[in-house]
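Would you mind keeping the following structure in view while I ask a few things?
Per chain, numbering begins at 1; letters A, B, ... match sequence-line order.
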Protein chains: 2
Amino acid sequence: MSNVELLPVLDSSVVVPCCPPLTERPLDAEEAERAAKMFKALGDPVRLRLFSAVASHEGGEACVCDISDVGVSQPTVSHHLKKLKEAGLLSSERRGTWVYYRVEPSVVAAMGKLLAGAATV
Amino acid sequence: MSNVELLPVLDSSVVVPCCPPLTERPLDAEEAERAAKMFKALGDPVRLRLFSAVASHEGGEACVCDISDVGVSQPTVSHHLKKLKEAGLLSSERRGTWVYYRVEPSVVAAMGKLLAGAATV
DNA sequence: AGCATGCATCGACGGATGTCGAAACACCGA
DNA sequence: TCGGTGTTTCGACATCCGTCGATGCATGCT
């Protein structure tokens, strides 16, 4: 039943260039500015729910109508999705009536790499 | 009956209970609230630099004096360290004149687990 | 063309947040 | 006990941010 999605195997070396792991050395101002934007994007409960809804949706994508039941108005949902997009965490594409959002794997991987190591001090 | 230890030994495999990976299922409101607090704590450039400074400091800990050169006033540094502590990402201990901060590995690991999977959609 | 639906933008409002200087607190050495 | 240094707390302020209703735009259906 499940037609397997084509997974572009996560190539860890092609991760979006941002910053070294947080444990490698203290981030400088510019690096911190960039990295903070990504964390900030997930630093809101509504955005986190939207992101999770997209990430966990079958097919790896979801239209706004699929995920907009998070307790805030429709304009607010749209506002948050825009923020997530600006942070690079989601991308969107219009197909007919609906707009589909999907996770941007490389950026999420970059966040993971930032954290990697900090848990094993 | 419940005279159970409230704070069991922190086994690094037993990560702080928070939420399932973001890809497993959509987070509910309560989970999102908890998880967002952690991301929000790292969503400020100054806090990210402070966290990185602690995480990368030799010995896994640093006193405020070691890391307070991030371009803001000293009270502001203290304010941000408090936020990181409240989020559970750092812990602190006073030893004589100085206060030492260190990374709380289990909480950082929890954040990593949230992200894990979202990069391999 | 006209209308209904899905989504984005606008403008406004209230509360949260980052920042500072001043002051308080904790500790140590003389 | 006193002064000095490291750190936190306090109070104030400007800005940012999440939220909403109203409105605009794009698409598809009749």
Sugar-phosphate, base or nothing in reach of S78(A), heavy atoms under 4.0 Å: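 Answer is base: heavy atoms of S78(A) come under 4.0 Å of a base.
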
Protein-nucleotide distance (E93(B), atom CD; dC27(C), atom P), rounded to Å: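 In whole Å, dC27(C) P lies 12 Å from E93(B) CD.
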
Residues, nucleotides or ligands: over 12 heavy atoms within 6.0 Å of D69(A) CG: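 Not buried by this count: 12 neighbours or fewer within 6.0 Å.
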
Main-chain N/O of T97(B) paired to R95(B) side chain as donor or acceptor, under 3.5 Å: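 Such a contact is absent between R95(B) side chain and T97(B) backbone.
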
Any donor-acceptor N/O pair, R94(B) side chain to V99(B) backbone, under 3.5 Å: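 Not at all, since once roles are kept as given, no pair shorter than 3.5 Å links the two residues.
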
Sugar-phosphate only, base, or nothing, as touched by V46(A) at under 4.0 Å among non-hydrogen atoms: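 V46(A): backbone/sugar contact only, no base atoms under 4.0 Å.
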
Disulfide (SG to SG under 2.5 Å) pairs, two or more places apart, involving residues 26-69 of chain B: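 As it turns out, the disulfide (SG to SG under 2.5 Å) pairs with a partner in residues 26-69 of chain B, which skip direct neighbours, are C63(B)-C65(B).
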
Any T76(B) side-chain nitrogen or oxygen under 4.0 Å from OP1 or OP2 of dT19(C):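 Indeed not, no polar side-chain atom of T76(B) lies that close.
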
Residue pair E31(B) / S52(A), side-chain heavy-atom distance below 4.5 Å: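 No. Closest side-chain heavy atoms not under 4.5 Å.
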
P75(A) vs G43(A), nearer the 5' end of DNA chain D by closest nucleotide: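 In this pair, the answer is G43(A).
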
Selection from dC7(C), dG21(C), dG6(C) that lies nearest to any side-chain heavy atom of V99(A):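 For V99(A), the side-chain atoms sit closest to dC7(C).
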
Touch class at under 4.0 angstrom, heavy-atom based, for K83(B) against every strand present: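 If one applies the 4.0 Å heavy-atom cut-off, K83(B) turns out to touch the sugar-phosphate alone, with no base involved.
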
Full working for side chain to side chain contact (heavy atoms under 4.5 Å, CB included) between V64(B) and Q74(B): CA-CA 9 Å; V64(B) 180; Q74(B) 195 276 329; 4.3 Å; yes

Close side-chain approach of L42(A) and L115(B), heavy atoms under 4.5 Å: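 With C-beta onward as the side chain, the pair touches.
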
T97(A) side chain, from C-beta outward: closest of dG21(C), dG6(C), dC7(C):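 My answer, after comparing the listed nucleotides, is dG6(C).
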
Residues R34(B), E30(B): salt bridge by 4.0 Å N-O rule: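 Salt bridge between R34(B) and E30(B), a charged N being under 4.0 Å from a carboxylate O: yes.
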
OP1 or OP2 of dG18(C) under 4.0 Å from side-chain N/O of R47(B):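 Answer yes for this pair, as a side-chain N or O of R47(B) is under 4.0 Å from OP1 or OP2.
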
Touch class at under 4.0 angstrom, heavy-atom based, for K40(B) against every strand present: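 If one applies the 4.0 Å heavy-atom cut-off, K40(B) turns out to touch the sugar-phosphate alone, with no base involved.
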
Heavy-atom contact window of chain B on DNA chain D, given 5' to 3' at under 4.0 Å: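 First and last nucleotides in contact are dG6(D) to dT9(D).
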
K82(A) vs dC7(C): side-chain N/O to OP1/OP2 distance below 4.0 Å: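 No.
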
Protein-nucleotide distance (Q74(A), atom CD; dT5(C), atom P), rounded to Å: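 So the two atoms are 14 Å apart, to the nearest Å.
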
W98(A) CH2 to dA4(C) P, straight-line distance once rounded to whole Å: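 Rounded to whole Å, this separation is 18 Å.
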
For atom CD of E86(B) and atom P of dA16(C), their distance in whole Å: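 Rounded to the whole Å, the gap is 15 Å.
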
Touch class at under 4.0 angstrom, heavy-atom based, for Y101(A) against every strand present: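 Result for Y101(A) = sugar-phosphate.
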
R94(A) side chain, from C-beta outward: closest of dA22(C), dG6(C), dT19(C):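 Nearest listed nucleotide: dG6(C).
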
Sugar-phosphate, base or nothing in reach of H80(A), heavy atoms under 4.0 Å: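 Since only primed, P, OP1 and OP2 atoms lie under 4.0 Å of H80(A), the category is sugar-phosphate.
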
Interatomic distance where NE2 belongs to H79(B) and C1' belongs to dT17(C) [whole Å]: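 From H79(B) NE2 to dT17(C) C1': 7 Å.
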
For atom CG of L84(B) and atom P of dG18(C), their distance in whole Å: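 In whole Å, dG18(C) P lies 10 Å from L84(B) CG.
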
